[in-house]
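The first residue of the sequence shown is numbered 1, and numbering continues consecutively from there. Order of listing sets the numbers, starting from 1, for every ligand and every atom in it.
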Amino acid sequence: MDTIATNLAEAPDIDRGFIRVRNARKIYAAGDKSVEALSEVNFDVARGEFVAILGPSGCGKSTLLMMCAGLEEATSGTVEVAGSTVTGPHPSIGIMFQDPTLLPWKTVLQNVMFPAHILGQPDSEYRDRAHKLIDMVGLHGFETKRPHELSGGMRQRVAICRALLKDPDILLMDEPFSALDAITRDEMNEVLLDIWHSYAKTALFVTHSIREAVLLADRVLVMTRRPATVVADIRVPFGRPRDMSVIETPEFAKLCAQLRGMIEHGTGKSARRPGDGPVLQPGRHGGEE
Ligand code: ADP
């Protein structure tokens, strides 16, 4: 972390605000009614930073991520990537969702290569990179398998490779591991920590798991219930390369308890003391909170 903080102090403005969200508001029209998902959201993500967006279900986390991806328009306010206002999908952004959305009739390799294939780019340009990514996530030997022959965790590994195929500057992830069982989820968190060590992209990672946010991120943004805003921006004090052993440290438990208090009270201040018992509802899938 210290290295990132030092680099940021010297970084040009565009790198410090590689993703820049300003006064972003989102109101959905839903029949006669409207739903205000986001009220006023402001934050920056520096180039190379991994930022987790943490908040209760339904508070607007996915909406915010989709606005950064150019797949959802802000009702007011702006989202900028690398100094340009986002007006639609951006080629330098890779996305992962909870559902890996693989094409069932295509093999692992063909699914990983799909972003190049759909743009009519020659396979030869991306085949080596696809194989490297497949090896990196531990799927060597599964290149010719089809999605139905893979476990849930393996399918998400394929989705990570596909998202990274075109070497995007930014990786946006919307609860990518929340449908997996607890053990597989831990394995995927480890895979992502390893990837970060070798690739160091800029990342926005939406989750409702406090533990996952603290394990993976350099910063955690805490959102309130709907209409959501960012009430806290917390720097995670663990350096990189990082592994699962940080979970065992008292600092990890203390930070999780602090974040839990913030979410419970919907403020940037924790009314609870570190070490107090859990207060969140169990997570949707596995409830490790
Ligand atoms: P989260 O990701 O935090 O669970 P979402 O961003 O998915 O939350 O949703 C925030 C709120 O906006 C929810 O109340 C949801 O019902 C509403 N919402 C999301 N998408 C739409 C849509 N296309 N039309 C109307 N309401 C929507």
- Query: Between Arg226 and ligand 1, which residue portion shows a heavy-atom distance shorter than 4.0 Å: side chain, backbone, both, or neither?
  - Reply: side chain
- Message: Could you check whether Asp186 pairs with Arg211 (Lys NZ or Arg NE/NH1/NH2 to Asp/Glu carboxylate O, under 4.0 Å)?
- Response: yes
- Query: What do you reckon, does Ala37 have a nitrogen or oxygen under 3.5 Å from a nitrogen or oxygen of ligand 1?
  - Reply: no
- Counting from 1, what ligand 1 atoms have a heavy atom of Cys59 closer than 4.0 Å? 1 (P), 3 (O), 8 (O)
- Identify whether the distance between the nearest side-chain nitrogen and carboxylate oxygen of Glu49 and Arg235 falls below 4.0 Å. yes
- Note on the structure: One finds that the ligand 1 atoms under 4.0 Å from a non-hydrogen atom of Lys61 are 1 (P), 2 (O), 3 (O), 4 (O), 6 (O), 8 (O)
- Task: Determine whether the side chain, the backbone, both or neither of Ser62 has a heavy atom under 4.0 Å from any heavy atom of ligand 1.
- Result: both
- Query: What distance do Met136 atom CE and Cys161 atom SG have between them, rounded to the nearest 0.5 Å?
  - Reply: 6.0 Å
- Query: Just distances here: any N/O of Thr63 and N/O of ligand 1 closer than 3.5 Å?
  - Reply: yes
- Message: Which of the numbered atoms in ligand 1 are under 4.0 angstrom from any heavy atom belonging to Gly58?
- Response: 1 (P), 3 (O), 4 (O), 8 (O), 10 (C), 11 (C), 13 (C), 14 (O)
- Output yes when Arg157 and Glu187 qualify as a salt bridge under the 4.0 Å nitrogen-oxygen rule, no when they do not. yes
- Any pair counted as ring pair (Phe, Tyr, Trp, His ring centres under 6.0 Å), so long as it reaches residues 35-67, sequence neighbours left out: Phe50-Trp196, Phe50-Phe205
- Close side-chain approach of Gln110 to His117, heavy-atom, < 4.5 Å: no
- Task: Determine, using heavy atoms of Gly55 and all atoms of ligand 1, whether some pair is separated by less than 4.0 Å.
- Result: no
